Participant: 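The structure is given below, and queries will be raised subsequently.
Below, read A as the first sequence line, B as the second, and so on, with proteins coming before strands; counting in each chain starts at 1. Remember, it's a predicted structure, so these values are computed and weren't measured experimentally.
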There are 2 protein chains.
Amino acid sequence: MDNKRRGAPVSLIEIAREAAVSPATVSRAFNRPALVQAKTLERIMAVAEQHGFRPNRLGSSLRSGSTRTLGLVLPTLSNPVFADCFEGAEMRARESGYSVMMTVTHYDPALEAAAVHRLIDHQLDGVILTVANPRQSAVLKALKTRGVSYVLAYNESSTHPCSAVDNHAAACDMVEHLAQLGHRRIAFISGPLSMSDRAATRLTGSRSRARSLGLSLIRHYIMPSHTQTDNGILAQMLDGAARPSALFCSNDLLATAVIVSLRELGYSVPDDISVAGFDGIRYGTVMSPSLTTIEAAGYEIGKTACHLLLEQIEHQQSRSQQVPHTLITGASAARLNLPLTHRP
Amino acid sequence: MDNKRRGAPVSLIEIAREAAVSPATVSRAFNRPALVQAKTLERIMAVAEQHGFRPNRLGSSLRSGSTRTLGLVLPTLSNPVFADCFEGAEMRARESGYSVMMTVTHYDPALEAAAVHRLIDHQLDGVILTVANPRQSAVLKALKTRGVSYVLAYNESSTHPCSAVDNHAAACDMVEHLAQLGHRRIAFISGPLSMSDRAATRLTGSRSRARSLGLSLIRHYIMPSHTQTDNGILAQMLDGAARPSALFCSNDLLATAVIVSLRELGYSVPDDISVAGFDGIRYGTVMSPSLTTIEAAGYEIGKTACHLLLEQIEHQQSRSQQVPHTLITGASAARLNLPLTHRP
DNA sequence: CTGAAAGCGCTAACAG
DNA sequence: CTGTTAGCGCTTTCAG
């Protein structure tokens, strides 16, 4: 009847008073209803309902030491793989009754540190994060010091729990594919490696496979960011006799940007030059030309990372898990056509 | 020296003891440092630093009644406009020292309700949300009852504060554009309208403009979801003499799916049929054909929504703000080519 | 400018 | 099955 509208949020104590039980019993009614007599439970719930009462998690968290909230720290959601990663992680979190606090770092290690501190001040039970480089991350050290559970997503590491694809192997696969198409001079394009150890590993993997296949050394061209190109650098790269016939870009967003730039520079993809990406964003298949890439399912990475984190929080077992990748053959990388003048 | 590693998180009380001041002074040192003598402040900060102390927000929130955390409830991040919306909102939130808790509903009103309750149990200071339909939303009622501030994003409403584009006007613009290209029979394609009032408004807008321009009535075809097509329905739609020459899809993801389906059904876009979308996702420009669409900047919507929400929380003023839209002319909608048999 | 005291809402021992 | 008691970490009057 007297449902309070707006204002005075009722507390558990008042519910207890009205239901003529102790606060502890009301608490039990909500947390372990099995411990409360059916009749008492019913009465408590009736009173609670009538007031629209829901337990205040702040009080509960403060007392119990668990917020049932996880943090998610990702470089950006502009890249659909990270958006997928969120969805995978949140879905898994929700399944176990956890909420998710999220923040993006735009690949900036300074923001990264600030973001993580802001998050852990909220006393999160754990954090899933993608850092620039786990080997020299102040953030990971801070988490460890404070005893906050965490799992890396996308970053590979032998010293920290993580959920990622085998970037080295995936890059090998791509180089092998390009080689099979007849390419012998491949270039690797990425943003600054200091911002992404994934890109660095992909480069290393590419080079090692190129070597073992007897291809030319893969040259590395660095764009201003991980998602934008510099036409000047591209033009220079394509100027000269030893120019690459295929470009392996460290991610799909960059590959997309490269294709647009090449078009602006008067090159046709894949007729004049082949382009491959990494990530397997869904838009790759509807692009023109469709993107040759490595699928590294973001949803799986996020879901797995969250699963590992919960294992760590709830069962104190810390482990890593690799997520499989697949080569997606698109139209952006084609069989090498020797120029007319070189044909027999 | 004796930096505690892992474990026993230091509390403000211990810092106070060690700095030989009262807890209240330590609290002031962190919240209103100006109220503390420089020397005392320095000493407190030194001790705090030494222990890696950071105030526990749970205690602070419980006592002060503010968590400095906002909730964000969106249908899905698979749609890049919502990912952008998050980035805009989070950026604005961070600017004012707020953190963001996020959840996705997959357009499901049941999930919507559960999600919002889970969030507000965390005592958020406010919530930004996109609901199926604000006119009959249990969720909005719940927020109002509990006195939680909120702002709608994407939903338009005259009774709730919101940040959105003028969907009616934008749809009019698109129909006008298609009419200018010579199209007289346009169809509107969307998911179930009960899941999205935006789609409903866009349909209404389209029809009203079609009427005023003297075009045929715009027929509405409903796909199983807002992002996936049913080839059967499409095939049926295109079977017959009065088939539409242009399809206006309620969002870009759906438009993309429609283009793929049409291709599977043997139609060429835009030669056989024109397709337009709504949202202005960035991949639209690199698709083939590039997408004709309405740009409704998600980043702006999110940023504005957050700004309005903070105004509400911090200055008790509640208002709405419209975000401008623009027509993007792509290649997916072309001038109507009359079939040869009909040409003079 | 600083301290003492009270308590935000809840839960975890421990008794009964 | 239920109650009592104490206190999680912090801020906020109100005095000094």
Participant: Quick one: closest heavy-atom pair of B:I301 and B:S163, and the distance?
Facilitator: O-OG, 3.0 Å
Participant: Are B:T40 and C:dT2 close enough that a side-chain N or O sits under 4.0 Å from OP1 or OP2?
Facilitator: yes
Participant: From the options D:dT12, D:dG3, C:dC1, select the nucleotide whose nearest atom is closest to the side chain of B:Q37.
Facilitator: C:dC1
Participant: Check whether any side-chain heavy atom of A:N155 sits under 4.5 Å from a side-chain heavy atom of A:C162, and report yes or no.
Facilitator: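 Heavy-atom side-chain distance check fails, nothing below 4.5 Å.
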Participant: Indicate the atoms forming the closest heavy-atom contact of B:H122 with B:T67, along with that distance.
Facilitator: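 Closest approach of B:H122 to B:T67: O-CG2, 3.8 Å.
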Participant: Rounded to whole angstrom units, what separation is found between the CG atom of B:L12 and the C1' atom of D:dC8?
Facilitator: 13 Å
Participant: Round to a whole Å and report the spacing from CD of A:E42 to P of D:dT2.
Facilitator: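 Those two atoms, CD and P, are 13 Å apart.
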Participant: Would you call the rings of B:Y150 and B:H160 parallel, tilted or perpendicular if under 30° counts as parallel and over 60° as perpendicular?
Facilitator: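 Plane angle between 30° and 60°, so tilted.
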Participant: Any idea which heavy atoms bring B:L58 and A:L58 closest together, and the distance?
Facilitator: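 Minimum heavy-atom separation between B:L58 and A:L58: CD2-CD2, 3.7 Å.
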Participant: Please tell me which of the listed nucleotides, C:dG9, D:dC1, D:dC10, lies nearest to the side chain of B:S11?
Facilitator: D:dC10
Participant: Report the distance from atom CZ of A:R17 to atom C1' of C:dG9, rounded to the nearest whole Å.
Facilitator: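 After rounding, the gap between these two atoms is 13 Å.
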Participant: Whole angstroms only, please: what is the NZ-C1' distance between A:K39 and D:dT2?
Facilitator: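 Distance check: A:K39 NZ to D:dT2 C1' gives 17 Å.
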Participant: Of the residues in residues 57-67 of chain A, which ones touch DNA chain D at a heavy-atom distance under 4.0 Å?
Facilitator: A:L62, A:R63
Participant: Could you tell me the separation between the CD atom of B:Q123 and the P atom of C:dG9, rounded to a whole number of Å?
Facilitator: 9 Å
Participant: Please identify which of these residues, A:L70, A:V73, A:I128, A:L77, meets the side chain to side chain contact (heavy atoms under 4.5 Å, CB included) condition with A:M102.
Facilitator: A:L77
Participant: By nearest heavy atom, map A:P23 and B:S22 onto DNA chain C; which one lands nearer the 5' end?
Facilitator: B:S22
Participant: Picking from C:dT2, D:dT2, D:dG9, which would you name as closest to the side chain of B:N56?
Facilitator: D:dG9
Participant: For A:R146 and D:dG9, give me the distance from atom CZ to atom P, rounded to whole Å.
Facilitator: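 In whole Å, D:dG9 P lies 14 Å from A:R146 CZ.
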Participant: Starting at CG of B:L35 and ending at C1' of C:dT2, how long is that distance when rounded to a whole Å?
Facilitator: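 Distance, rounded to whole Å: 11 Å.
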Participant: Can A:H51 and A:E18 be counted as having a side-chain donor-acceptor contact under 3.5 angstrom?
Facilitator: yes
Participant: Output the single nucleotide from D:dT12, D:dT11, C:dT2 whose closest atom is nearest the side chain of B:T25.
Facilitator: C:dT2
Participant: Looking at every strand, decide which applies to A:V26 at a 4.0 Å heavy-atom threshold: base, sugar-phosphate, or nothing.
Facilitator: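 Nothing, no nucleic acid heavy atom in range.
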Participant: Measure the distance from CD1 on A:I44 to P on D:dG3 and round it to the nearest whole Å.
Facilitator: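 Answer to the nearest Å: 8 Å.
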Participant: Heavy atoms under 4.0 Å, any strand shown: does A:F30 hit a base, just sugar-phosphate, or nothing?
Facilitator: nothing
